[in-house]
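Worksheet: one structure, shown below.
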Amino acid sequence: MKDEYKGWGVRHINNVIEQTHVYEYLGKENDPLYNNIMYLKVNQSLPIPETNMQITKTRYGMYEIVSDVFHECYSSPQSLYERISALLNAISLRR
């Protein structure tokens, strides 16, 4: 099965279901989450709605995702955004 779009916001690729994100079409520059990440100040934290996760920009300029289950660190806002998008995608598919 090649790439096919089935319904609104769900993409089937090689029998794997993936939730598409509206900002894949509008551009991440229009995503409030992306903009909040880009403008995080040092030692500022931001909760991720509908999750128990929080993101922080450290005094070393690194970005962290923290929850009760894990603690991950990223060197760029782009890589943090991609990871959070993947996590939110996984959460939305479970609902």
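D68 is linked by a side chain to side chain contact (heavy atoms under 4.5 Å, CB included) to N52, counting only residues two or more places apart in sequence or in another chain. Taking the side chain to side chain donor-acceptor pair (under 3.5 Å) definition, one finds that Y63 meets it with nothing, sequence neighbours left out.
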Could you go through residues 69-76 and list every donor-acceptor pair under 3.5 Å that involves a side-chain atom there, pairing it with any protein atom two or more places apart or in another chain?
unit_1	atom_1	unit_2	atom_2	d
H71	NE2	E64	OE2	3.2
E72	OE1	Y74	OH	2.4
E72	OE1	R83	NE	2.9
E72	OE2	R83	NH2	3.1
Y74	OH	R83	NE	3.4
S76	OG	S79	N	3.0
S76	OG	S79	OG	2.9

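Looking at Q44 and Y39, their side chains never come closer than 4.5 Å, going by heavy atoms from C-beta outward. Residues V42 and T58 are not in side-chain contact: their nearest non-hydrogen atoms beyond the backbone lie 4.5 Å or more apart. With contacts defined as side-chain heavy-atom distances shorter than 4.5 Å, the pair L87/M53 qualifies. Side-chain contact check for Q54 versus L46: every heavy-atom pair is 4.5 Å or farther apart. A heavy-atom distance below 4.5 Å is found between the side chains of L33 and I37. Looking at L88 and I48, their side chains come closer than 4.5 Å, going by heavy atoms from C-beta outward.
With values rounded to the nearest 0.5 angstrom, S67 atom OG is found 13.0 Å from I55 atom CD1. To the nearest 0.5 Å, atom OH of residue Y81 and atom CG of residue N35 are 9.0 Å apart.
Grouping the Ile, Leu, Val, Met, Phe, Trp and Tyr side chains by contacts below 4.5 angstrom, directly or via other members, places M62 apart from I84.
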